[in-house]
Number of protein chains: 2
Amino acid sequence: MADSIIDSLKAGGKKLTKPRQAILAILESNALPVTAAEVHARLKKARAPMDLATVYRNLTMLQELGLVDPVGLREGQMRYEVRHGREHHHHIQCRGCGRIVDLMLCPLKKLTQLVESQTKFAVEGHSLEFFGWCPQCR
Amino acid sequence: MADSIIDSLKAGGKKLTKPRQAILAILESNALPVTAAEVHARLKKARAPMDLATVYRNLTMLQELGLVDPVGLREGQMRYEVRHGREHHHHIQCRGCGRIVDLMLCPLKKLTQLVESQTKFAVEGHSLEFFGWCPQCR
DNA sequence: TGTTAAATGCGAATCACTTGCAACAAGGAA
DNA sequence: TTCCTTGTTGCAAGTGATTCGCATTTAACA
Ligand SMILES: [Mn+2]
Ligand SMILES: [Mn+2]
Ligand SMILES: [Zn+2]
Ligand SMILES: [Zn+2]
């Protein structure tokens with residue numbers, strides 16, 4: 001468990017409970033963004049079962065603390081991935097098999113300034129996802 | 001009602017029903033993307049009430065025909081906007097008041113090729129949304 | 001006008017996610 | 001260590017968005 005994560009939890013008045021550690025362990029062991037249901041299932045397999053509501057509450061809280069990033073792929077459910085130790089990036093998902101691949105790039109630094117000057121909004125974030133067909137599904 | 005829309009419906013083996021025309025009229029009269037519930041409410045006001053399930057079925061079908069584009073703003077519900085007569089573009093939404101503004105730009109033509117060569121996926125589309133704070137909510 | 005396939009309304013079902021609440025467990029103070 | 005405060009959890013019930021089954025219409029067209 002990274003110190004920075006522990007510090008963030010403490011700074012937010014959050015406790016480092018056992019279930020919470022298990023969730024973070026699952027998240028950190030996963031390169032790709034996972035759904036609440038997937039976290040829930042893996043916890044059961046890992047002999048650390050917990051209520052799905054607890055998973056949701058923790059994912060929401062971790063997101064509020066900025067420790068995990070939400071990834072919306074229009075699947076009807078959200079995905080989440082830990083931020084710690086990874087660059088801001090985006091994803092592409094295959095419309096056939098659902099496979100997700102990390103795109104270690106973000107073209108939006110410059111564009112954000114343009115958007116801000118055009119709209120007078122203060123841009124706080126963005127979501128960018130690609131959809132297509134992977135080689136196997138082509 | 002634009003001919004191109006009628007043609008697309010016909011090509012897809014779809015009928016031009018009265019409820020369907022009413023939905024399309026609502027969509028065409030709205031510059032910004034709307035939710036199924038909003039369409040449903042406006043139809044009632046316009047004295048052309050119909051079942052919410054019918055609204056959903058039609059929005060889904062119109063999306064499959066490529067006549068409307070989905071807009072996902074992480075609100076817990078999808079939005080839709082007609083494609084006809086409008087350039088491909090993106091949006092920004094205020095985290096405070098929810099206001100949505102069209103961004104008449106898309107920086108992703110070049111990037112798409114880069115993504116394709118990097119991942120070997122055939123990119124079919126993308127979603128890009130910005131989130132921030134509008135001047136009134138700042 | 002008759003036939004057929006698509007579309008609609010209605011009600012029930014699903015699905016992802018949230019909430020109320022009583023029992024529990026961190027973790028800091030004494 | 002023990003005690004106390006406060007966040008946390010499990011469980012069950014509740015929401016809200018979206019979907020489905022099915023009997024009844026309606027558009028399209030021969
Ligand atoms: Mn990722
Ligand atoms: Mn738009
Ligand atoms: Zn980015
Ligand atoms: Zn674009």
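Reminder, nothing fancy here: chain letters follow the sequence lines and each chain counts from 1.
- Non-hydrogen atoms lying under 4.0 Å from DNA chain C are contributed by B/Thr17, B/Pro19, B/Arg20, all within residues 16-34 of chain B.
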Using a cutoff of under 3.5 Å, can you pull out all pairs of nitrogen or oxygen atoms linking the protein to nucleotides 19-25 of chain D, with atom names and distances?
from: D/dG21; atom 1: O6; to: B/Arg57; atom 2: NH1; distance (Å): 3.2

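- For the pair B/Phe131/B/Ile92, no side-chain contact is recorded, criterion being any heavy-atom separation below 4.5 Å from C-beta on.
- Atom CD1 of A/Ile23 sits about 10.0 Å away from atom CZ of A/Arg57, to the nearest 0.5 Å.
- Under the 6.0 Å cut-off for aromatic ring centres, A/His91 and B/His126 do not qualify, their centroids lying 6.0 Å or more apart.
- Between B/Arg74 and B/Glu129 no salt bridge is recorded (no basic side-chain N to carboxylate O distance below 4.0 Å).
- C/dC17 atom P lies 10 Å from atom CD of A/Glu75, rounded to whole Å.
- The distance between atom OH of B/Tyr80 and atom C1' of D/dT18, rounded to the nearest whole Å, is 9 Å.
- Rounded to an integer number of Å, the gap from B/Gln77 CD to C/dA16 P is 18 Å.
- The NE2 atom of A/His40 sits 10 Å away from the P atom of D/dC11 (whole-angstrom rounding).
- A/Glu64 has its CD atom 14 Å from the P atom of D/dG7, to the nearest Å.
- Rounding to whole angstrom units, CZ of residue B/Arg74 and P of D/dA17 are separated by 19 Å.
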Polar pairs (N or O, both sides) under 3.5 Å between protein and nucleotides 1-6 of chain D?
from: D/dT6; atom 1: O2; to: A/Lys15; atom 2: NZ; distance (Å): 2.7

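- Here the P atom of nucleotide C/dC17 and the CD atom of A/Gln63 are 11 Å apart, to the nearest Å.
- The interatomic distance linking B/Leu62 (CG) with C/dA7 (P) rounds to 10 Å, in whole Å.
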